[in-house]
Amino acid sequence: MAVSDKPVTIIASDRAPSTDEFIKGLWRENPVFVQVLGMCPVLAVTNSGANALAMGLATTFVLVLSNALVSALRSFIPKQVRIATFILIIATFVTVVDYLIQAVSLDMHRALGAFISLIVVNCLILGRAEAFASKNTLGRSILDGLGMGVGFTFALLCLGGVREILGSGSLFGFALFPAGFQPWIVMILPSGGFFTLALWLLLFNRLKARKAARGVTGEAAA
Amino acid sequence: MNDDSLWTIFLNASLVNNFVLAYFLGICPFLGVSGKLATATRMGGAVCFVMLVSSLCAFAINALLVAIDAPYLRLISYIVVIASTVQLVEMFIKKMSPALFRALGIFLPLITTNCAILGLALFQTNKGYDLLQCIVYALGAGSGFTLALILMAGIREKLELATVPDVVQGTALTLMIAGILSLAFMGFAGLGA
Amino acid sequence: MMSPAAQQSGASRPPAWPMYRALVGVGLVCGLLIVTVFVLTGPVIVRNEAAALQAAVFQVLPGAVSSRSFTLAGDDSLRPAVDGDDPQATVHAGYDAMGELLGIAIPAQGMGYQDVIRILYGYSPQREAVVGMQVLASKETPGLGDKIEKDPAFLANFRALDVALAADGQSLAQPVSVVKSGAKTSPWQIDGITGATISSKAIGNMLWHSTAYWVPRLYPLQRELARGGGEHGG
């Protein structure tokens, strides 16, 4: 299900400082731009900054709590049924966040629609539970979830911001341009999502290529 | 609950609101398995089949959950039941028809956690379709997915022969093409009206 | 995704007890969590939904300050709506500060350009006209089709859209129809939106079908509704 450009390296050794669990998700192992995980919500709900932020926060919430519970129960769960258990746990927290959003704002729930429920199949969350939380202590798993969640939110905002600015001429609902601005409607249409993400990936590929050219020669830039 | 005609439902699910190009569901297999035309066709077939099975399952679960008045268990039971049904189907096919298993088998586990399958189950519930409408909806969504996958694979096979700058290679290029395909599919809007 | 059954083919079977313990234990914890959250948030959600619906009713019936919901009983009489009634078959009578019936808010839906559009419109039996319309849900193209929600000139069509009954009381005297933008000549016509022809036609069709169904049924009931429909269904 997950298609990533390169195998995700997990620094799970005890030597790694704890803050690194948080920081790596923001940039170096950014779930969207580097690992290319969880594409469905990235494309589907980023037609405005506010939607992107809400989706990012909901995903972070699920990610942190499922990481925490998986990590806390990791010695209790036999290897054979771990994936089934992880999915149970994730589905629970997604249901919880679904009801919480409904209670806080019906409009937001309507805007995100079924994509809140679809957090369940976000490869990122199952991926973190399997690759990190099931092997690490509670504290580190929470930090990892938080870092990945914030990195995911950051990526969603990158897309949502660009699409809203160009597509509606506003950011978080505030108009940015004078009245004469003709918005690029294509940006808030589905195809705009594909284009914007492609451009962000191009930027990241370019950065990676430059870094590789400057740094150790022979290190493939994915 | 919903009086959409079957033809409208099919057109909507396959073209107007194509699962991949308009709803962004199933992007992962779409990006991953669209390299070769032959693989894409088989993947599409497998997805169609799984969609049909899980749509029926979701319909039954929903009826049960409505009967016992427990809507809050919907998501968790959908994902668990769909996942295990696909597993059962996989074992069944392996036993009954090894040839079919070789054709579809490796894709079945991949499909289980595909968002398009769960999305289909959730959408049909939200829209309140009856059994026949669900079946048509699943077939429409599956054929739409297959169509998108085949189109993409055809284009990517041709692109193999073109020279492309290194930076653009990979996911970025595929996403660009997907964007253009999505624009093209916009032309179908209004068909179901 | 590996269910336990799928892995039993291995030569050495793992002990079953820890697996059951883990699955049942996690299942119980999860179930408990979901039910707790559902019980805690349920009343808030119901209240939010009711508030949103009421706001929409007041929007399409200008001047309304209270509302009551009714649904059609089998013999075309009205009974107060209860939980579980089909929302599409439920209408909301709106009353002003004096308790006078202002009109009835009616939901309608139909296929738009992209997906199903759901609207709520206000019908005034006294004026025999549609007096307000609000789009509840639509996925129309942003910047084009979504003008049906915001375009002031388009929404102005629904401040006094004639839906008078024909002499027989069974159908509308004139069909609600959508004409090209600026070509409206009669009170039962809707000025369409240039660039959003299909979306505006969809609204017109919805209104035409819905009014053709509801107006002949609701018009004779307006006196009962004015008294709050108390005689029917208790």
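In the text below, chain A, chain B and the rest are named by the order of the sequence lines, each starting its count at 1.
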Enquirer: In terms of heavy-atom proximity below 4.5 Å to chain B, should A/F204 be classed as side chain, backbone, both, or neither?
Expert: neither
Enquirer: Among the options B/L181, B/L122, B/I177, pick out the one with the most heavy-atom pairs lying under 4.5 Å from chain A.
Expert: B/L122
Enquirer: Examine whether an atom of A/V186 lies under 4.5 Å from a heavy atom of chain B, and if so say whether it belongs to the side chain, the backbone or both; otherwise answer neither.
Expert: side chain
Enquirer: Would you name the heavy atoms of B/L183 and A/F195 that are closest together and state the gap between them?
Expert: CD1-CE1, 4.2 Å
Enquirer: Counting only heavy atoms not in A/R206, do more than 12 sit closer than 6.0 Å to its CZ atom?
Expert: no
Enquirer: Does B/F24 have its ring centroid less than 6.0 Å away from the ring centroid of A/F194?
Expert: yes
Enquirer: Counting only heavy atoms not in A/F172, do more than 12 fall under 6.0 Å of its CZ?
Expert: yes
Enquirer: Using the rule side-chain contact (heavy atoms from CB on, under 4.5 Å), only one of B/T174, B/L173, B/T171 pairs with A/L201; which is it?
Expert: B/T171
Enquirer: Working to the nearest 0.5 Å, report the span between CG of B/L73 and OG1 of A/T95.
Expert: 8.0 Å
Enquirer: Quick check for you: to the nearest 0.5 Å, what is the distance between A/S117 atom OG and B/L118 atom CG?
Expert: 7.5 Å
Enquirer: Using a 4.5 Å heavy-atom cutoff, which residues in residues 58-65 of chain B come close to chain A?
Expert: none
Enquirer: Checking side chain to side chain contact (heavy atoms under 4.5 Å, CB included) for the pair A/T92/B/L75: CA distance, chi angles, key distance, verdict?
Expert: CA-CA 8 Å; A/T92 306; B/L75 181 63; over 6 Å; no
Enquirer: Run the side chain to side chain contact (heavy atoms under 4.5 Å, CB included) check on B/Y72 and A/V96 step by step: do they pass?
Expert: CA-CA 9 Å; B/Y72 44 85; A/V96 167; over 6 Å; no
Enquirer: Can you name the nearest heavy-atom pair linking A/L118 to B/C115, along with the distance?
Expert: CD2-O, 3.7 Å
Enquirer: Would you mind checking which part of B/Y78 comes under 4.5 Å of any heavy atom in chain A, side chain (CB onward), backbone (N, CA, C, O), both or neither?
Expert: neither
Enquirer: When you compare the side chain of B/L175 with that of A/W200, does any pair of heavy atoms fall below 4.5 Å?
Expert: no
Enquirer: Looking at A/A91, A/P41, A/A44, A/G193, which has the largest count of heavy-atom pairs under 4.5 Å with chain B?
Expert: A/A44
Enquirer: If I take atom CD1 from residue B/I82 and atom CD1 from residue A/I87, how far apart are they, to the nearest 0.5 angstrom?
Expert: 11.0 Å
Enquirer: Give the member of B/G26, B/A184, B/G179 that has the highest number of heavy-atom pairs under 4.5 Å with chain A.
Expert: B/G179
Enquirer: Give the minimum heavy-atom separation between A/P190 and B/L21, together with the two atoms involved.
Expert: CB-O, 3.4 Å
